[in-house]
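Here's the structure we're looking at; comments come further down.
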Amino acid sequence: MEDPTVALDLEELILGAPRRYTPYQAARTAEVPMELATRFWRAMGFPDIGQSRALNDGDVIALRRLAGLVESGLINEAMAIQVARSTGQTTARLAGWQMDTFLENLTQAAEPGLTRAEVAYPLVELLLPELEQFLVYVWRRQLAAVTGRVVQAAEDTEITSGRLAVGFADLVGFTRLSRRLEEEELGSLVETFESTCADLIAGQGGRLIKTLGDEILFVSEDPVTAAEIALSLVETLTQDEAIPALRVGMAFGTVTSRMGDVFGTTVNLASRLTSIAQRDAVLIDGEFAAALEQAGAAAQGAQDGTGTTQSQLAEALAAHSGAPLGVVGPPPPGPGAPRFHLQAMWRRPVRGLGLVEPWLLTRWIKSPTS
């Protein structure tokens, strides 16, 4: 059994101060009502600790700062609770991932006679200042990016309206696959899926909202960018035989943003479209299709001279080469060259959203003779 003093030593190393206060003492020292201090503590994701002497000077300072923002009038109490909750949820996941990664991988080769806890202390001592500085750097970078979008929104009516392209990407048959794979193999698959999607989305100017193991949620202010991301996800992941087929559903419309997440009918519609999409296919709603057409980035295809539809040609190409589904042949005449092809699907009722007409989104693939 591990010595409990080792865990306390690690805690003191990370927090930079020893345990000193009960919750009541910490609240009184910070001059914050006990009820409000408890709400802050719970919002950050920590359990009630009764009257244990488990808090330190850092906890007192944090309480004082958060309460000070409310007292100064910069934010109200409800906003302060949201700040505590969003920060707690985000950093809890980050801390969990970091410790799983570093401690699991770097303490496996412990020297004979040393416990994992004994190896962890010097490891944390070395990593802590570097991780702290990097966290602050990334947070400032993200804050600068978000602030830029907010400032731009004041002059951009499209962004001000809260209209976003929302996309879900879901691995097909993941539940069945998870029953057959070992835990390490499953973890590796999920990590590859999430990291590949995250890099691709960020690289093309989208925003990854969250990952759910076998599913990701992303958004973009620009429907054309979102369409490119969706098709690129399918094309990239189909090249990895270890990853199951992907299906993507997207919708364009008004979205409510809260605590780094997105909500509303548009998000629900994108999720429903994902659930009815075929393997390695991208379905979008009518608003999304109209936005792409208005931007000149997409058009509805026509039949060729033989009476074969463009989608049939696409299926033949995909079956022959294993390439992602795309439309073969020259795009329709007119100014510009549409990048995407739109094909209306059968209307169908979607629970909670009424009658929905999905559109299949594919690429225009120039044929050798065109």
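Using a cut-off of 4.0 Å between Lys/Arg side-chain N and Asp/Glu carboxylate O, E194 and K210 are scored as not salt-bridged. Salt bridge annotation for E228-R339: present, with a cationic side-chain nitrogen under 4.0 angstrom from a carboxylate oxygen. In this structure, R163 does not pair ionically with E221, as no charged nitrogen and carboxylate oxygen lie closer than 4.0 Å. Under a 4.0 Å N-O distance rule, the pair R39/E77 qualifies as a salt bridge. The pair R247-D280 fails the salt-bridge criterion, with no side-chain N (NZ, NE, NH1 or NH2) lying under 4.0 Å from an Asp/Glu carboxylate O.
At least one side-chain heavy atom of Q51 sits under 4.5 Å from a side-chain heavy atom of T22. Counting only heavy atoms from C-beta outward, the side chains of L342 and I284 approach each other to under 4.5 Å. Residues Y21 and R28 form no side-chain contact, since every pair of their non-hydrogen atoms from C-beta on lies 4.5 Å or further apart. In this structure, the side chains of D57 and R20 come closer than 4.5 Å at one or more pairs of heavy atoms.
Relative ring orientation between F252 and F288 is described as perpendicular, the plane-to-plane angle rising above 60° on a 0-90° scale split at 30° and 60°.
Remark: Q25 CD is packed, more than 12 non-hydrogen atoms of other residues, nucleotides or ligands lying under 6.0 Å away. At most 12 heavy atoms of other shown residues, nucleotides or ligands fall within 6.0 angstrom of atom CD in Q278. Residue E11 qualifies as enclosed at atom CD: its count of foreign heavy atoms under 6.0 Å is above 12. Atom CZ of F263 has more than 12 neighbouring heavy atoms from other residues, nucleotides or ligands inside a 6.0 Å radius.
If you check the side chains of R93 and T211, you find a donor sitting under 3.5 Å from an acceptor. Under the 3.5 Å distance criterion, with hydrogens and angles disregarded, a donor-acceptor pair is assigned to the side chains of Q204 and S232.
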**Report entry** CA sep, side-chain torsions, deciding dist, call: V166, V255, side-chain contact (heavy atoms from CB on, under 4.5 Å)
**Finding:** CA-CA 9 Å; V166 179; V255 172; 3.6 Å; yes
Report task. Please lay out, stage by stage, how V282 and T362 fare under the test side-chain contact (heavy atoms from CB on, under 4.5 Å). Result -> CA-CA 7 Å; V282 178; T362 52; over 6 Å; no
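If you take CG on L127 and CD on E132, they are separated by 12.5 Å, rounding to the nearest 0.5 Å. Here the CG atom belonging to L131 is positioned 10.0 Å from the CD1 atom belonging to I14, to the nearest 0.5 angstrom. In this structure, the separation between OG1 on T274 and CD on E215 is 6.5 Å, given to the nearest 0.5 Å.
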